[in-house]
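Below: one structure, written as structure tokens.
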Amino acid sequence: MAEELVPTWEDVARRYGRKIYNFAYRLTGNPDDAADLVQDVLLRVRKGLAAYTPGSFDGWLWRITRNAFLDGVRRRQRRPTFPLPDDDRNLAVASPSPDEVLASVRLSEDIQSALLKVPLDFRECVVLCDVVGLTYEEIAEAVEAPVGTVRSRIHRGRRMLRELLTWPV
Amino acid sequence: MARLKHHDDRCADQDLLSAYLDGELRPGELDEVVAHLTDCLDCVAEFHRIKEMRAALRTLPELEMPERLLPSTHPGPELSALLDGELATVEQELVLLHLGECDDCRAEFHELDAARTAVRSLPGLEPPEFLMTRRDAARARHRARWRVVTAAAGAAAAVAIAVGMLGGPAPTSSIDVGQFSDQHNARASLEPGFGVSPVYLSQGEAP
């Protein structure tokens, strides 16, 4: 997306909705929370677009997303979340053979469970990097931390995950 | 090189390994990392572990977002939930925004509202006797028995009046038993399954 153009909120929903949904799902392991977050973000985007000045749209959007996520975490503080297996009906990519599907689902579940055990500061940086695909600079803008801090969190987050998982899978 | 040198068998600043994998090294850092990886087995092992973890994270399947979350999707059950005040704040705001822009959904919303109002304005009805609970039915039988006794007493009194044995006013029946019986017989002739006579009901037996 050209940074000079200000998209409409419908554009944002179409282009980023799935990314936001996956971001929230990987952070919470809960499809309902992920859906709630998408709706919350879209409303915030709609309200915020009026005041948005063209610049780093991704940084702006993901800062909103992250703030909405943190607000949601505060609201849900007394409601425990559990890692859920990936719902086959929601899979965007078709996997080749049943064995591979099964192995892949197990791996996904293992990684999802491990993600939920990693402290949020590290988890969000890893998810923004490896699931959403943002650059370190965009992540720094989103989480409002220096790039050096982001770099450290991503690495330490991956190390924690690596230690939580039993390899080889 | 300085930050990747050994310190008591541990390497400082291994963050560089993730940054290297992500193509996020700053100018000058690349040579430092490459040189270090040629002579530090610990960091080579760590590099492979992180590389493996990063690859696994990136193979996580991308999930489809439910289509209902797109603002252009027409709300369905949410319209009724909105009428009933059962939507969460955020969802309610989104549905209202959609209603403001979609004539079709606005029309549907008004139709649902009218239907909901119509259903809610239906009068409350008493259940038919055969649907009453056993206790209610027992009470009804008790009342019916007293009505028969009263009616019989009334009839006897009428006879007594007719023959001039009593001087006082005659007691009257609370219901017209004959009219009730006619109605029952008429309905029984029209509805094959409706054969329970008041006598059976009053005696508590099955037809």
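So that the names make sense, note that chain A is the first sequence line, chain B the second, and so on, each numbered from 1.
Note: A/Tyr21 OH to B/Leu69 CG = 7.5 Å, rounded to the nearest 0.5 Å. The distance from atom CG of B/Asp15 to atom CZ of A/Arg153, rounded to the nearest 0.5 Å, is 12.0 Å. From B/Arg54, atom CZ reaches atom CZ of A/Arg162 across 15.5 Å, with rounding to the nearest 0.5 Å. How far CZ of A/Arg158 is from CG of B/Leu17: 10.5 Å, rounded to the nearest 0.5 Å. Rounding to the nearest 0.5 Å places CG of A/Asn22 at 10.0 Å from CE of B/Met65. The distance from the OG atom of B/Ser72 to the CZ atom of A/Arg14 is 6.0 Å, given to the nearest 0.5 Å.
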Given the rule in the side-chain contact (heavy atoms from CB on, under 4.5 Å) test, do A/Tyr25 and B/Leu60 qualify, once you have shown the distances and angles that lead to the verdict? CA-CA 12 Å; A/Tyr25 183 89; B/Leu60 281 174; over 6 Å; no
Report the C-alpha separation of B/Leu16 and A/His155 in whole Å, then their side-chain angles, then the decisive distance to 0.1 Å, and conclude whether the side-chain contact (heavy atoms from CB on, under 4.5 Å) test is met. CA-CA 8 Å; B/Leu16 290 180; A/His155 184 72; over 6 Å; no
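Residues of residues 127-134 of chain A lying under 4.5 angstrom from chain B, judged on non-hydrogen atoms, are A/Cys129, A/Asp130, A/Val131 in numerical order.
When heavy atoms are compared at a cutoff of 4.5 Å, A/Asp40 approaches chain B by way of both its backbone and its side chain. Only the side chain of A/Arg46 comes within contact range of chain B, judged by heavy atoms closer than 4.5 Å.
Under the 3.5 Å distance criterion, the side-chain polar atoms of A/Gln39 are left unmatched by any main-chain donor or acceptor of B/Val90.
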